[in-house]
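Below: the structure, in structure tokens.
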Amino acid sequence: MAIDCMTNIQTMSQPQKHHHQDHKEDETPLVFDASLLRHQLNLPKQFIWPDDEKPCMNVPELVVPLIDLRGFLSGDPVATMEAARMVGEACQKHGFFLVVNHGIDANLISHAHSYMDDFFEVPLTQKQRAQRKTGEHCGYASSFTGRFSSKLPWKETLSFQFSAEEKSSTIVKDYLCNTLGQEFEQFGRVYQDYCDAMSNLSLGIMELLGMSLGVGKACFREFFEENDSIMRLNYYPPCQKPDLTLGTGPHCDPTSLTILHQDQVGGLQVFVDNEWHSINPNFNAFVVNIGDTFMALSNGRYKSCLHRAVVNSKTTRKSLAFFLCPKGDKVVSPPSELVDDLTPRLYPDFTWPMLLEFTQKHYRADMKTLEAFTNWLQQKRS
């Protein structure tokens, strides 16, 4: 399978002006109502992707390292070194790996999946109480109909902020209750607990990443200790023409680390060695991948990887994505051990809110986000 399945990206010195990048041809605003569109044989043209970007449905499975965290979590030094070695190997290859025996309660994971139906299966008007505003990253999004008018993803999402600061210990529950109503209190409690668990897991993975890069286990853990992260519930309804559209278009995550839990339906694809591969579901495992912010933090040693999601005609697919992000005032700058004459600085200093603003207001995230952001920053500073 050649590069023709991949998104077409041109290297650019100016960022895309994405709010108006496509001319709206229809006067009537498009609404993604999954309860109707899931049965529709003729897809609205805004959801039909160009021929060279349409999904390849039958792709080989990616052999992803399965990293057992049991020994690491129990303090076994030999098992910890082996886990760090495997993490480093995966991050040099493609930036994706699976973790098992991760210490997260299976009931919490099951509840996090099942409670998604409580939100996504209600009528559209009720979901719109949490409507995401233009330029913001939290709230409900029915596809990206308000932001773009072509190559729209076949999905709905609910995103919300998480903070690991002690004073913000109920931030998720409070946001969901205030936005959706008190009847969503248990819903909010489940996702507050889930985010707390993901934050703790991600800090452990940061220890392994630090060890694998030779900067020590405390370096990145301390950097992300008071993280301001993003949780996203992804809901991909059935599509009667799944070969014409994508659930999520090809992109690299602009965040630092993504911890994804898939249901049993499948649909995640990763672009490695010039072809798309699938990562098959494993309920006992989390899929972990490096994002652009950590790529900058590692001075390019570890790379973020292009990935996408495909849909099917029969079954709704659900996934839980926790995007680890540093606290807003943390400066993303690689440790001195990762910079020398042979490996000079690749990216300028920045903060996560600067990159987040860039992806929300100026640029549609793809495989060139960090490159475009660097150019944009340098132009602003000059």
Side-chain angles (χ1 to χ4, degrees), residues 1-9 16 18-59 116-117 119-128 131-132 134 139-159 232-251 262-271 276 278 281 306-319 321 364-367:
M1 205 172 308
I3 196 81
D4 61 1
C5 285
M6 198 175 79
T7 184
N8 284 340
I9 308 295
Q16 308 160 26
H18 71 201
H19 292 307
H20 305 287
Q21 68 182 17
D22 307 304
H23 297 293
K24 292 198 171 16
E25 297 170 16
D26 299 320
E27 291 298 318
T28 309
L30 178 68
V31 176
F32 184 79
D33 188 341
S35 65
L36 301 175
L37 286 174
R38 68 196 303 154
H39 304 296
Q40 209 161 302
L41 290 174
N42 295 317
L43 271 55
K45 63 180 181 296
Q46 295 93 331
F47 293 95
I48 298 176
W49 285 62
D51 288 345
D52 58 346
E53 297 182 61
K54 285 190 174 81
C56 317
M57 304 308 284
N58 297 312
V59 299
M116 286 176 71
D117 293 334
F119 176 78
F120 288 106
E121 291 298 324
V122 302
L124 179 63
T125 51
Q126 291 185 42
K127 290 182 278 194
Q128 287 173 331
Q131 188 68 48
R132 180 171 164 176
T134 302
Y140 168 68
S142 53
S143 186
F144 291 135
T145 53
R147 290 178 72 194
F148 311 113
S149 54
S150 68
K151 299 199 292 188
L152 293 180
W154 194 267
K155 69 173 176 179
E156 300 174 272
T157 61
L158 180 63
S159 308
R232 180 165 298 154
L233 314 181
N234 294 308
Y235 208 75
Y236 303 92
C239 174
Q240 297 310 308
K241 296 288 178 64
D243 56 327
L244 299 182
T245 192
L246 286 167
T248 302
H251 67 287
Q262 306 188 76
D263 65 8
Q264 296 303 297
V265 176
L268 175 63
Q269 295 186 351
V270 181
F271 196 74
W276 289 103
S278 65
L306 193 68
H307 56 284
R308 67 183 185 184
V310 299
V311 293
N312 69 84
S313 61
K314 305 288 186 196
T315 313
T316 295
R317 175 179 179 254
K318 297 183 284 187
S319 68
R364 186 173 183 173
D366 57 28
M367 64 181 292

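As the structure is a computational prediction, the values presented were derived from the model and not from experiment.
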Worksheet item: Given Asn234 and Ser319, is the side-chain hydrogen bond (donor to acceptor under 3.5 Å, both in side chains) satisfied, shown in steps?
Response: CA-CA 5 Å; Asn234 294 308; Ser319 68; 3.2 Å; yes
Fill in: With Thr248 via side-chain contact (heavy atoms from CB on, under 4.5 Å) - residues at least two apart
Lys155, Tyr236, His251, Ala309
Worksheet item: Are Leu306 and Val270 close enough that some pair of their side-chain heavy atoms sits under 4.5 Å apart?
Response: no
Worksheet, complete the sentence: Gln264 meets the side chain to side chain donor-acceptor pair (under 3.5 Å) criterion, sequence neighbours left out, with none
Worksheet entry | Heavy-atom side-chain proximity of Pro250 to His307 below 4.5 angstrom | no
Worksheet item: Are Phe120 and Pro237 close enough that some pair of their side-chain heavy atoms sits under 4.5 Å apart?
Response: no
Worksheet item: Taking all atoms of both residues into account, what is the closest heavy-atom pair of Pro153 and Phe47, and its distance?
Response: O-CE2, 3.6 Å
Discussion item. Among residues at least two apart in sequence or on other chains, which ones pass side chain to side chain donor-acceptor pair (under 3.5 Å) with Thr245?
Written reply: none
Practice prompt. Give the minimum heavy-atom separation between Cys239 and Val311, together with the two atoms involved.
Written response: CB-CG2, 3.9 Å
Worksheet item: Going from CG on Leu43 to CG on Leu152, what distance comes out if it is rounded to the nearest 0.5 angstrom?
Response: 11.0 Å
Worksheet entry | Partners passing side-chain contact (heavy atoms from CB on, under 4.5 Å) against Gln128 (at least two apart in sequence or in another chain) | Leu124, Thr125, Gln131, Tyr140
Worksheet item: Can you name the residues that form a side-chain contact (heavy atoms from CB on, under 4.5 Å) with Asp243, not counting sequence neighbours?
Response: Lys241
Worksheet item: Are the side chains of Asn42 and Gln240 in touch, meaning some heavy atoms are under 4.5 Å apart?
Response: no
Discussion item. Is any side-chain heavy atom of Met116 closer than 4.5 Å to one of Glu121?
Written reply: no
Practice prompt. Keeping the roles fixed (side chain from Asp263, backbone from Lys318), state whether a donor-acceptor pair exists under 3.5 Å.
Written response: yes
Item to complete: For residues Pro242 and Ser313, determine if any side-chain heavy atom of one lies less than 4.5 Å from a side-chain heavy atom of the other.
Response: yes
Worksheet item: Between Tyr235 and Leu158, is any pair of side-chain heavy atoms under 4.5 Å apart?
Response: no
Worksheet item: Among all residues two or more places apart in sequence or in another chain, which pass the side-chain contact (heavy atoms from CB on, under 4.5 Å) test with Val122?
Response: Gln126, Lys127
Discussion item. Could you check whether any side-chain N or O of Lys54 sits under 3.5 Å from a backbone N or O of Trp49, counting only pairs where one atom can act as donor and the other as acceptor?
Written reply: yes
Discussion item. Looking at every heavy atom in both Pro50 and Lys151, which two are closest together, and how far apart are they?
Written reply: CD-CD, 3.5 Å
Fill in: Listed partners of Asp33 passing salt bridge (Lys or Arg N to Asp or Glu O under 4.0 Å), at least two apart
none
Worksheet item: Between OG of Ser150 and CD of Gln46, what distance do you get to the nearest 0.5 Å?
Response: 8.5 Å
Worksheet item: Which heavy atom in Ala34 sits nearest to a heavy atom in Glu156, and how many Å separate them?
Response: CB-OE1, 3.4 Å
Item to complete: For Arg38 and Thr316, run side-chain hydrogen bond (donor to acceptor under 3.5 Å, both in side chains): C-alpha distance rounded to whole Å, both residues' side-chain angles, the deciding distance at 0.1 Å, then the answer.
Response: CA-CA 9 Å; Arg38 68 196 303 154; Thr316 295; 3.0 Å; yes
